Amino acid sequence: MPLRARQRCHTVLTAAVVLAATLLATASPASAADTWTEVGSDRADPLTESQGLTSVEVPAGAANRYTGIGTIPVDLSGRGWNHVGDPDASYDGHYIEPYQRDSGTTKMFRVQSPGGTWAEYVHTLSSGEALNNSWVAVSPGGQWMLAGEYGTMSRLLVFPTPGVNPGTSPSANLPQASTVRLDHAVRDVQGCDFLSATRLLCSSDDPAGTLFGITKPLLQIDLSAEPNGTSDVTGHVTALRQLPLRSSCSGTFEAEGIDYDRRTGTLRVIVVSPGFCVLTDSKTYRFTRS
């Protein structure tokens, strides 16, 4: 090879190496997809453990909390709040349940303080906001909370955390503060939980599988920043795996709530079995990161 040709080849090769090194150096570690391996399961009671779950850190030794149709207080259902979604708890011990009605223009977040008292925070729907109130996820900083709408969505909603954020009051409307704008549509998300300040894990009940090539996926959403309520952030969506779909009955499974316990590194997801087996072999599956 002539000298000038070798020099051109060397220049191109050097530029390629420099470019590759630059890309590796600037690639965000948050974009890497985690691997979650199933390590066990527990039966999920269809009345009291079929909608959602969360681990509670305060007080120390507190039991895990679950939601289902059987956990809705009679006075709430009597006022039309007949569906409870996937709850969450702040690191300081505020426990929050999302509620919805069959009709109207409001949704509600029921909050239990660390001292045990309950309060209700009502949100009037923003323009174009869906009525359903499927889940809540409190950010690690505690001041801001995400909530989700059912259906095919390209966003998550950001609210001040009721009972934690000093700008909230049971006597005032709980306003939407900002939005997480997703780079990929998601469908029928039933629960999300923060793995870190900028990473969420979500359970999707997607029955079609056309968005990611699998039905009932476990999703990872990497945020451009921790939500702060003052400006929108973006979210990069990755499908990690299909949730377990095992039962003695055949038919349609339903993926429900999700919880990540940072104390043990355990991820838990509820999957409700089809048909009669909803009573017998619905499960809360446990996963660890590998």
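In this chain, residues are counted from 1 in sequence order. Below, all heavy atoms of this structure are taken into account, side chains as well, without hydrogens, waters or symmetry copies. What you see is a predicted model, and the numbers here were worked out from it, not measured in a lab.
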(message) Checking E226 against N228: is there a side-chain donor and acceptor pair closer than 3.5 Å?
(response) no
(message) Quick check for you: to the nearest 0.5 Å, what is the distance between R43 atom CZ and T280 atom OG1?
(response) 7.5 Å
(request) For F287 and P244, work out which heavy atoms get closest and say how close. (result) CZ-CD, 3.6 Å
(request) Please determine, by modelled atom types, if T54 and D88 share a side-chain donor-acceptor pair under 3.5 angstrom. (result) yes
(message) Is it true that, when you exclude I69 itself, more than 12 heavy atoms of the residues, nucleotides or ligands shown sit nearer than 6.0 Å to its CD1?
(response) no
(request) Hey, could you give me the CG/CZ distance between D259 and R286, rounded to the nearest 0.5 Å? (result) 12.5 Å
(message) Donor-acceptor check, side chain of S247 to backbone of C249, threshold 3.5 angstrom: yes or no?
(response) yes
(message) With no hydrogens and no angle check, just 3.5 Å: does a side-chain donor-acceptor pair link D183 and H236?
(response) yes
(request) Kindly give the heavy-atom pair with the smallest separation between C202 and V189, and that separation in Å. (result) CB-CG1, 4.1 Å
(message) Quick check for you: to the nearest 0.5 Å, what is the distance between Y95 atom OH and R110 atom CZ?
(response) 8.0 Å
(message) Membership question, hydrophobic clusters at under 4.5 Å side-chain separation (ILVMFWY): are I96 and M108 in the same one?
(response) no
(request) Only one of L125, T124, L131, V122 passes side-chain contact (heavy atoms from CB on, under 4.5 Å) with K107; say which it is. (result) L125
(request) Indicate whether any N or O donor in one side chain lies under 3.5 Å from an N or O acceptor in the other, for D261 and T266. (result) no
(message) Both conditions, 6.0 Å and 45 degrees, for the charged tip of R262 above the ring of Y91: are they met here?
(response) yes
(message) Looking at K216 and D205, is there a salt bridge between them, counting it only when a charged N and a carboxylate O are closer than 4.0 Å?
(response) yes
(message) Out of the candidates S203, P207, S134, only one should pair with D188 under the side-chain contact (heavy atoms from CB on, under 4.5 Å) rule; please name it.
(response) P207
(message) To the closest 0.5 Å, what do you measure between CG (L182) and CZ (R155)?
(response) 10.5 Å
(message) What I want to check is whether the side chains of T117 and S113 have a donor and an acceptor closer together than 3.5 Å.
(response) yes
(message) Quick one, Y121 with F159, criterion ring pair (Phe, Tyr, Trp, His ring centres under 6.0 Å). Give me CA distance, side-chain angles, the key distance, then yes/no.
(response) CA-CA 11 Å; Y121 295 76; F159 295 90; over 10 Å; no
(request) Indicate whether any N or O donor in one side chain lies under 3.5 Å from an N or O acceptor in the other, for R187 and T152. (result) yes
